[in-house]
Amino acid sequence: MIKDKVIIITGASSGIGESTARLLASKGAKVVLGARREARLKQIVQEIRNAGGSAVSQELDVTKRSDNEAIAALALKTFGRIDAIFLNAGIMPAAPVSALNVDDWHQTVDININGVLNGVAAVFPTFLKQKSGHVIATSSVAGLKAYPGSAVYGGRGR
């Protein structure tokens, strides 16, 4: 049952995160939205509320542990618990390894891997205290199959 579940969604300002937030809110979930584009988050929250849903948001850079802790605190302050976190924030820069876009490599790892770990660390103490909670993460077929230009994104060389 989704009704009244409190769900944090990272990467919620567009794409899969935004669509998931809207769907869950339409089914009665209380959604806590985080992403870097704060103005877009506010717009989505207002639209969810206008449709009768329950939502709050906060600017979130998943690479910052403090931002992850702050959004978990917002969920607890607003709704009293956290039932799930949907770790959806991610980037997919594409280039062959030979292009040596080292800054892109580090940013991809910081967001797509460390961002997930920061989210887990932010909610896990609450999950342990509640003796319940779900961690959900967006994945990609690129983790199973190598594609040209996506060696760092997919975590494998080619």
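Just so you know, these numbers use all the heavy atoms, side chains as well, and skip hydrogens, waters and symmetry mates. Only a predicted model underlies this, so the values are computations on that prediction, with no experimental measurement involved.
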_side chain to side chain donor-acceptor pair (under 3.5 Å) pairs, two or more places apart, involving residues 23-36_ = none
*D83 with R81: basic N within carboxylate O range, under 4.0 Å*: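 Looking at R81 together with D83, the answer is yes, because their closest N to O distance falls below 4.0 Å.
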Non-hydrogen side-chain atoms of [X] and [Y] separated by less than 4.5 Å:
| X | Y | answer |
| --- | --- | --- |
| S14 | R37 | yes |
| V45 | V56 | no |
| V31 | S54 | no |

Group every Ile, Leu, Val, Met, Phe, Trp and Tyr by side-chain heavy-atom contacts under 4.5 Å, then state whether [X] and [Y] land in the same group.
| X | Y | answer |
| --- | --- | --- |
| M1 | L23 | no |
| L33 | L74 | no |
| V32 | F86 | no |
| I48 | I9 | yes |

Name every donor-acceptor pair, under 3.5 Å, that has one atom in a side chain of residues 114-125 and the other anywhere in the protein, sequence neighbours excluded.
residue : atom : partner : partner atom : Å
N114    : ND2  : D110    : OD1          : 3.2
N118    : ND2  : V62     : O            : 2.9
N118    : ND2  : T63     : O            : 3.4
N118    : ND2  : N114    : O            : 3.3

*Under 3.5 Å, side chain of T10 to main-chain N/O of A89, donor-acceptor pair present?*
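Flag set: sc T10 to bb A89 pair under 3.5 Å.
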*Applying side-chain hydrogen bond (donor to acceptor under 3.5 Å, both in side chains), name anything that partners E18, two or more places apart in sequence or on another chain.*
R22, R40
*Taking atom CG of N112 and atom OG of S139, what is their separation to the nearest 0.5 Å?*
10.5 Å
_Can a side-chain donor-acceptor contact be found between Q46 and N50 if the only test is distance below 3.5 angstrom?_
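Looking only at side-chain atoms, Q46 and N50 do form a donor-acceptor pair, the distance falling under 3.5 Å.
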*Mind listing the closest non-hydrogen atom pair of L41 and A35 along with its distance?*
CD1-N, 3.4 Å
